[in-house]
Amino acid sequence: MTYVDSLRREYGDNLLLFDNGDILQGQPTCYYCNYINPEMENVAASIVNYMGYDAQTIGNHDIETGHEVYDKWIKEVKCPMLGANLIDTKTGQPYLQPYAILNRENIKIAVLGMITPAIPNWLNENLWEGLRFEEIVESAAKWIQYLKSHEQPDIIIGLFHAGLQGGIVTSTYSENPVLEVAEKVDGFDLILYGHDHVRHCQTVISPNGSPVLLLNPSASAMLVGDAKISVTFLDNGKKQKKVSGCLRDIRNLEVDNKLEQHFKPAIDMVDEYVNRKVGVFKNAAYTRDCYFGNSAFSDFIHMLQLKITGADISFNAPLTFNTCIPAGDVFMSDMFNLYRYENQIYTMKLTGREILGHLEMSYDLWVNTMKSPDDHIMLLTENQTEGRRQVFFKNLAFNFDSAVGIDYEVDVTKPDGEKVNILRMSNGQPFQLDKFYTVAMNSYRGNGGGELLTRGAGIPQEQLKERILWMSERDQRYYLAHEISKMKMADPQPLNNWRFVPEEWTAKAIERDRALLFK
């Protein structure tokens with residue numbers, strides 16, 4: 001808000017402020033408003049209104065909260081909530097307002113909203129009942145033509161909750177088609193997007209030769225996508241447009257705390273909730289350990305999933321890059337570091353061969369194929385930002401599933417698809433490829449998230465539903481907090497049921513890559 005206020009002082013009403021969703025999950029304030037005290041106005045909506053946003057789109061993590069939560073939130077937000085390709089199955093019309101028209105100094109600006117159509121691959125249908133998701137490229141082309149014929153805007157801005165490219169691609173849609181839209185659909189001047197959490201700034205040439213600026217400021221307010229559009233009126237009555245932009249790092253601003261002061265009553269209520277003691281941890285647990293072998297953090301969740309469900313095997317991945325649950329008293333706030341999202345717990349029926357395929361894909365996303373002892377063990381990428389070398393995982397770490405209930409090795413010298421060697425069940429029984437096992441996992445994974453069950457295990461998307469044996473009524477964080485509370489003193493420990501081999505290569509490679517990622 002400090003940054004926005006500084007721009008408003010400079011541009012006045014000509015400043016346009018947009019957000020493209022995924023507000024309602026991932027931190028305690030929204031959880032409190034969504035489920036603990038749903039009678040109050042959602043603080044997310046209150047802040048959107050207080051800051052004066054001009055339009056928003058809805059994201060998949062907003063849909064994941066369920067109709068009751070997001071329908072209430074949509075009503076509370078005062079700016080247009082956009083979603084041209086989110087269709088009400090009863091009416092065949094957009095469930096949300098498809099676009100907004102904003103007028104500034106005789107310039108007519110259309111803002112067209114879209115959401116990724118891949119949601120059925122991640123979320124149980126009861127969360128989006130009565131809705132369907134149109135393919136974005138086709139929907140964008142249709143609505144651009146509508147805008148041109150019915151509104152004749154001077155500027156068209158896309159506000160998309162979808163990524164640049166890649167992700168899930170089926171015969172009917174692509175999860176992340178922003179680049180394809182820019183290259184195939186005439187009419188956009190600027191597309192502001194996010195969902196893949198990858199910072200990006202690029203100008204693309206559309207089919208008619210016009211430039212389209214694409215801006216993605218990553219996630220978690222690390223950056224702001226800052227675009228400037230200037231319009232010049234020519235003597236022949238035409239308008240000449242110029243679009244420029246960048247990704248602005250605002251994290252080092254000296255922050256004005258007026259927003260915090262304004263929302264102090266709500267903050268106090270949330271603080272009271274998150275400062276409630278849940279239990280005690282004997283040892284600290286770190287997500288950074290999850291990437292390099294067995295870890296107290298991930299294995300503690302594995303252990304609780306098996307205890308809650310009675311399953312044979314557990315799948316789990318780190319949901320945050322580098323967080324810690326410290327030794328000592330554990331509070332409700334820590335539960336949002338232990339488990340970030342409001343996933344349910346599923347128990348599903350998988351064969352041993354499917355379990356192996358699932359893990360092969362997970363480790364292929366995660367681990368490099370080492371050709372020499374000096375190679376990276378992790379699958380990494382790097383970039384140069386402001387003169388600094390930054391190293392990241394090449395793929396999304398929340399798809400790096402490990403397993404408990406089986407003993408196995410991951411041979412990093414083997415090619416993709418051949419790295420995982422399952423030795424036995426952890427109870428000493430043989431592991432059988434053709435036998436069915438019960439497997440505990442979160443609902444994101446069980447519904448097809450990350451494609452580990454579909455592409456990896458080879459289970460068709462339409463068959464996943466029939467593999468579900470049980471699903472929890474409440475979210476996973478609720479059950480984890482309940483179990484920790486019953487323990488009084490929790491003792492997270494690595495279970496040592498899997499390892500990277502050959503150790504004469506992997507031990508030193510782990511040290512090197514740990515230092516690169518967490519220096």
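Here, residue 1 is the first one in the sequence, and each next residue gets the next number. Just so it is clear, the structure is predicted and the values come from calculations on it, not from any experiment.
- Residues that satisfy the salt bridge (charged side-chain N to carboxylate O under 4.0 Å, His left out) test with Lys282, not counting sequence neighbours, are absent from this structure.
- In this structure Asp289 satisfies the salt bridge (charged side-chain N to carboxylate O under 4.0 Å, His left out) test together with Arg514, sequence neighbours excluded.
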Exercise for the section: Would you check, one step at a time, whether the test side-chain contact (heavy atoms from CB on, under 4.5 Å) holds for Val48 with Asp19? Expected result: CA-CA 9 Å; Val48 166; Asp19 187 275; over 6 Å; no
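- Taking the six-membered ring where the residue is Trp, Tyr437 and Phe431 present parallel rings, their angle staying beneath 30° rather than reaching 60°.
- Note: Phe321 and Phe518 meet the aromatic proximity criterion, with ring centroids under 6.0 Å apart.
- With no hydrogens or angles considered, no side-chain donor-acceptor pair links Tyr339 and Asp475 at under 3.5 Å.
- Under the side-chain hydrogen bond (donor to acceptor under 3.5 Å, both in side chains) test applied with Ser426, the options Asp312, Asn497, Asp407 reduce to a single match, Asp407.
- Here the two rings, on Tyr341 and Phe398, have centers that are 6.0 Å apart or farther.
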Handout entry: side chain to side chain donor-acceptor pair (under 3.5 Å) between Asn60 and His161, worked out
Key = CA-CA 8 Å; Asn60 54 289; His161 191 91; 2.9 Å; yes
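- Contact check for Thr506 versus Val501: no side-chain heavy atoms found under the 4.5 Å cut-off.
- In summary, the aromatic rings of Tyr478 and Tyr35 are positioned with their centroids too far apart to meet the 6.0 Å limit.
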Practice task
Begin with the C-alpha distance, continue with both residues' side-chain angles, and end with the deciding distance and a verdict on side-chain contact (heavy atoms from CB on, under 4.5 Å) for Glu382 and Leu380.
Solution key: CA-CA 7 Å; Glu382 64 178 81; Leu380 302 174; over 6 Å; no
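- In summary, Lys419 and Glu360 do not engage in a salt bridge, as defined by a charged side-chain N under 4.0 Å from a carboxylate O.
- Met471 pairs in a side-chain contact (heavy atoms from CB on, under 4.5 Å) with only one of the listed residues (Asn124, Thr347, Asn126), which is Asn124.
- For Phe336 and Tyr31, the ring centers sit closer than 6.0 Å to each other.
- Rounding to the nearest 0.5 Å places CH2 of Trp470 at 5.0 Å from CD1 of Ile345.
- Screening Met441, Gln461, Arg467 for a side-chain contact (heavy atoms from CB on, under 4.5 Å) involving Leu453 leaves a single residue, Met441.
- Using a 30° and 60° split on the angle between ring planes, Phe188 and Phe160 fall in the perpendicular class, above 60°.
- Between Lys414 and Glu418 there is no salt bridge, since no side-chain nitrogen of the basic residue lies less than 4.0 Å from a carboxylate oxygen of the acidic one.
- Side-chain contact between Ile313 and Ile355 is present, with at least one heavy-atom pair separated by less than 4.5 Å.
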Practice task
Determine, stepwise, if the pair Asp196 / Asn216 fulfils side chain to side chain donor-acceptor pair (under 3.5 Å).
Solution key: CA-CA 9 Å; Asp196 51 9; Asn216 180 354; 2.7 Å; yes
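- Between the side chains of Asn343 and Arg477, no donor N or O sits under 3.5 Å from an acceptor N or O.
- Classification of the Trp366-Phe500 ring pair by plane angle, with boundaries at 30° and 60°, yields perpendicular.
- Atom CD1 in Ile308 sits 7.0 Å away from atom CD in Gln476 (nearest 0.5 Å).
- Checked against side chain to side chain contact (heavy atoms under 4.5 Å, CB included), Thr320 has the following partners two or more places apart in sequence or in another chain: Thr287, Thr323, Arg340.
- Ring centroids of His302 and Trp498 are separated by 6.0 Å or more, keeping the two rings apart.
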